Amino acid sequence: MAEKAKEFYFSPDAPRNLSMAYLLSATYEGERRTACLKLYEPESRKIYFWYDNTKHQPYCLSDAPIGELKRIEALVKHQGFDHFETVEKFDALNDRETEMTKIIARDPRSIGGRPSGTIRDLIQKSWEARIKYYESYIYDRQLSIGTPYVIKEEKLIPVDCSTLKKDLNAPERFFKNEEKEFQAYIGQWIRLLECPVPEFSRLALDIEVYSPVVTRVPDPRTASESIVAASLVDSDGNKRVLVLKRPGIGEGGTAVPQGVKIEYYDREEDMLIEVFKALLAYPIVLTFNGDSFDLRYLFHRAEKLGFPRESIPIRLEEIFALLKYGVHIDLYRFFLNRSIQIYAFGQKYREATLDGIANAILNVGKIALEQPISELTYTELANYCLRDAELTMQLTTFDDSLVMKLIITIARISRMPIEDVTRQGVSRWIRSMMFFEHRRLNWLIPRSEDIIELKGSTATEAIIEGKKYRGAIVIEPKPGVHFNVFVLDFASLYPSIIKHWNLSYETVRCPHSECENNKIPGTPHWVCKKRSGMTSLVIGTLRDLRVNWYKPKSKDKNQSPAMRSWYNVIQQSLKVILNASYGVFGAEVFDLYCPPVAESTAAIGRYAITETVRKAEALGINVVYGDTDSVFLENPSQAQINEVVEWSREFLGMDLDTDKIYRYSAFSSRKKNYLGVYPSGSVDIKGLTGKKRNTPDFLKIAFAEMISILGEVESSEDFDEAKSRIREVVKTCYLKLKNGKYSLDDLAFNVMISKPIESYTKTTPQHVKAAKLLVKNEVEVKPGEIISFVKTKTQEGVKPVQLASVKEIDADKYMGYIKSTFEQVLDAIGIDFDEITGFTKLEHFLWNFEGQR
DNA sequence: GCGGACTGCTTACCT
DNA sequence: ACAGGTAAGCAGTCCGCG
C-alpha cells in the first residue's frame, strides 16, 4: 500500500530558474527548518516550493541588553536558542528610537509555539513573539502574496508589474497634488493591486459517507464508516464521480449528466488513492466545509485503512485541513466571514450552507434527497455528490471568477497567505497589513498590554448598556412626506476622519505635552501634531484609492467591461477593509486594540454631522433626517448645497457629496426607518418590517404592492388616489387571510436560530419553541439555520411549517402583523390604519362573519 | 387570580 | 471575534387590586 501510494507523490521543489510564478502562500517546513513558499506557475499550472536560502531565522525581541539576557541560564541553554543580536527599532508608542535584543531561535516553536517551556516565557517582556513564523517571514522580506515572482539562480525576485501592464506608472501623475512621499506610496499600492491575476487551475471535491443511522452525521475523527462516493470537478469542466460498490445497491433513477461516467471501485482504498492523486494534481483544491469534514474524514479514513501518513496528501491542523502540495480553500469558511457576507455580497445569502449560498448567488441548489444516503441507488448518489462539487466550483467561477479575484485582492492588501485569508476575519487581515507596515518602516510592533496601559480606556458613555464608548448620532426624523429631498453624505466618513485627524494608536494621546492642546472634540483626548500616524497613512491611502481612483474607474465607460469589473473587485475589497478599519480599534481581539482611537473617530463623526446640520439650518435648509454620516435636506437650492459642500471641505476638511435625490421621502417618527422614492419611481426602503427577511411572504408581497403604488405618486394630490388603492391592497390581504387562502409557506415567519437550542436558558423565543417541536419530531436543528414557523391557536402559540396545518392558524395574530407592518408607512404619509381600512367595529364583525362562511 | 406596566432577551436592521 | 444605535415582539416579573 505504501509503495503504491508513494508512486504518485511527486516532489515539487522549484528549479534553479523558474519563469513567472504567483506567490500564494507561505508555511514553515519542519524537517528543513525553513520557510517554504508556494508558487503557482500558470504555464505548467503547477505549484512549486521555494525554500528560504537567505538564512532567515525565527526570533522575538527583548528590551533587555544582551549582557543581561546572557545571565538567564535557562535561555542560553534552551535547546531552541541560537544567538543574540542588537537591533535598532523605532518605538512609536513612546516616539523614540530604541535598542532591542533580537533573540534568534533554531525553530519557531521554541519562541512561543508550545504551551510551556518556550523562550518567550523565560524573559520578562517579549515583543513580536506571537507572530507566526511564516508571517514574520513575509513581513521581513516584504513579500507580496498574490503577485508574480521569478526564480533566478535560486534567488526569489519580484516581477515589476508595470512591465506587465504599462499604465501602472500613471498613478503618480494622477495624484500629482499630493506630497512626493505620498505619491510614491500610493503608486506602490496601485502596482500591487492592479497587477494582473492569472486563471487558476483548480479542483472542487466533495465526498459522501455511508451512515447507518439516518439522523447522525458521520464523525470525521472516528471515520468508522466507508466513503461511498467522491466527486471531482475541475475548472476546465472535467467532471468525475467515483462510487464504491456495495452489496444490494443497483443503478436507477435519472442518469448522470452527459459526458460523466460513474467510476466504480470494489475497494475503498483504490478509490481513495484516486482521490489523493487528484489532490496532488491541482494547485488549488476547493471544498465546502472541507476543514471540518471532507478532508478530515479522508485523512482519518485513510489512516484507518492502513495508509501511511506520508502517503496522505493532507496536513491536518486543529481546526483547519491543509494540503501538503496545493492550496486548500474551504469556501464555507470564506462565505461565513461576516465582512464577505455583508459587504462583498450585500447580504444576498442568509444561511452559510452550500444550498443557501448557491441558491442565492447561482440560482441553483443542492439536489433534494427523498431517502437517506445509504439507500440511494448508485446513480442517485453520484448525481447528488456531483452536484455538490459542481456548485462548489461554480461559487468560484461565476462572474468571471469573481471570488478568486476577491480572494487574491484581499490577500494582496492583507499580505496574508491564501489559506489564512480565506479562513480568518477582517481584524486579522488588518493586523497583518499593519504588521507588514511596521516591518517596512522598521518600527517595533507594540505589545497589546502596553497600548492599553499608555492610552487608558474610554471617556464617553455609550447609549447602549454594556458598550464601551459612545457611537454615532441619529438625527430625529421629521415625520411626514417631504418632496425633493437631497441626501448628502461624507465619502467614507470614518476613514476620512482617521486620515484628516491623524488618528492612530501612537498619535492619539501621544507622549508630547505640546500636543495636549490639540483636542478631539467631545473627548478629553488629544492627537499628535509632530508625527503622522501610521493608521492615518495606511487607511487614508486606501480611502483615497477607493474614492478617487477605483470607484470612478469601475464606472468609467471608457474602460472595457472586463476592466470595469476588475476595478470593481478592487474597489469592493478596499471597501471591506475600510468599513472595518475604525471598528477594529474598538475590538479587544485586534492586536492594536486602542479604545481611544475608536472613541475619537466616533466623536469626530458626531461633531461632523452636528456641525453640518447646524450649518444647513443656518442657511435656512430644512434638515429632515440624518444618520451617522448623512443629512437629508428638504428641497434645497443648488446654491445652498454648494455652500454646505464648500463649507465642509474648508471647515471640516472632508468631502460631502450628494449621494441620492428623492422625488419624495416619507418618515414616521421611527429612526432608521423610512422610504424614499427616486425620480425614476423606484423605491428605497430602509428598516421597514415589510422588507425584513423574517417577515412572512404574504405580508412582504402585500407590502410590495403598496410600495409600487407609492412609487407612482408624483405630487401631494396623488396621495388621495394612492390611499384608496392601498386600502384595497390591505383589504384583499385581510380577506385572503380570513378565508384561508394563504399557504403555510406564505404565512411562515423565518427566523434564524443563532445558538444551540439548549443555550436558550433565559427565555424561550417563539422560533426556539418551534425548533423544540421539530427536535421532538426527530428533525435536527443546528445554529445558523432558519426556522420557519406559523402562529397557531395551539398551546405553544407557534408551530413549525413542517408540522402545522392551515386550520390551526391564528388569524387574529396575523391581523395584528398586517396592521403594524402597514402602519410604519401609513403613519408617515399621514393616514390612519383604521381609517384607511375603514375597520369600524361593525365592519370587523362583518369581515369576521364573511370570513367564517 | 388577573391584567397592565415594566424589564430583559432576541433578532434584524442602519450607518 | 470590526464598532455602536434603533425597532419590534415576546417572555417573564412586578404590582396593584379590598
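Per chain, numbering begins at 1; letters A, B, ... match sequence-line order. Bear in mind the structure is a predicted one, so any value in this text is a computation, not a measurement.
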Could you give the start and end, 5' to 3', of the contact zone on DNA chain C for chain A, using atoms under 4.0 Å from its heavy atoms?
->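 In short, chain A contacts DNA chain C from C:dA1 to C:dG12.
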
Is there a side-chain polar atom (N or O) of A:His767 under 4.0 Å from OP1 or OP2 of B:dT10?
->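 No.
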
Looking at A:Thr763, does any N or O in its side chain come under 4.0 Å of the phosphate oxygens OP1/OP2 on B:dG8?
->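 Checking B:dG8 against A:Thr763, no side-chain N or O comes under 4.0 Å of OP1 or OP2.
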
What residue among A:Lys813, A:Lys799, A:Lys793 forms salt bridge (charged side-chain N to carboxylate O under 4.0 Å, His left out) with A:Glu808?
->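 Result for salt bridge (charged side-chain N to carboxylate O under 4.0 Å, His left out) with A:Glu808: A:Lys799.
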
Out of A:Glu461, A:Glu599, A:Glu588, which one pairs with A:Lys468 under the salt bridge (charged side-chain N to carboxylate O under 4.0 Å, His left out) rule?
->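 Testing A:Lys468 for a salt bridge (charged side-chain N to carboxylate O under 4.0 Å, His left out) against A:Glu461, A:Glu599, A:Glu588 leaves exactly one candidate, A:Glu588.
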
What is the distance, to the nearest angstrom, from the [atom1] atom on [X] to the [atom2] atom on [N]?
{"X": "A:Asp684", "N": "B:dC14", "atom1": "CG", "atom2": "P", "result": "10 Å"}
{"X": "A:Leu688", "N": "B:dC13", "atom1": "CG", "atom2": "P", "result": "12 Å"}
{"X": "A:Lys755", "N": "B:dC9", "atom1": "NZ", "atom2": "P", "result": "10 Å"}
{"X": "A:Gln347", "N": "B:dC14", "atom1": "CD", "atom2": "P", "result": "8 Å"}
{"X": "A:Arg693", "N": "B:dT11", "atom1": "CZ", "atom2": "P", "result": "14 Å"}
{"X": "A:Lys692", "N": "B:dT10", "atom1": "NZ", "atom2": "P", "result": "17 Å"}
{"X": "A:Leu493", "N": "B:dC14", "atom1": "CG", "atom2": "P", "result": "18 Å"}
{"X": "A:Leu675", "N": "B:dC14", "atom1": "CG", "atom2": "C1'", "result": "15 Å"}

Contact class for A:Ser754 (heavy atom, under 4.0 Å): base, sugar-phosphate, or nothing?
->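 If one applies the 4.0 Å heavy-atom cut-off, A:Ser754 turns out to touch the sugar-phosphate alone, with no base involved.
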
Looking at every strand, decide which applies to A:Ala587 at a 4.0 Å heavy-atom threshold: base, sugar-phosphate, or nothing.
->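 Touches sugar-phosphate only.
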
Just checking, A:Lys769 and A:Phe789: is the charged tip under 6.0 Å from the six-membered ring centre and within 45° of the axis?
->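 Cation-pi check for A:Lys769 and A:Phe789: fails.
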
Is A:Lys691 close enough and on-axis enough to A:Phe703, meaning under 6.0 Å and within 45°, for cation-pi?
->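 No, A:Lys691 does not sit over the ring of A:Phe703.
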
A:Ser457 and A:Tyr469: side-chain donor and acceptor closer than 3.5 Å?
->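 The answer is no; no qualifying pair exists.
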
Start at the 5' end of DNA chain C and walk down; is the nucleotide closest to A:Tyr343 or to A:Tyr817 reached first?
->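 Result of the comparison: A:Tyr343.
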
Salt bridge or not for A:Arg670 and A:Asp827, using N-O below 4.0 Å?
->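 Result for this pair is yes, salt bridge flagged.
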
Between A:Asp627 and A:Lys672, does at least one N-O distance fall below 4.0 Å, as a salt bridge requires?
->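 Salt bridge between A:Asp627 and A:Lys672, a charged N being under 4.0 Å from a carboxylate O: yes.
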
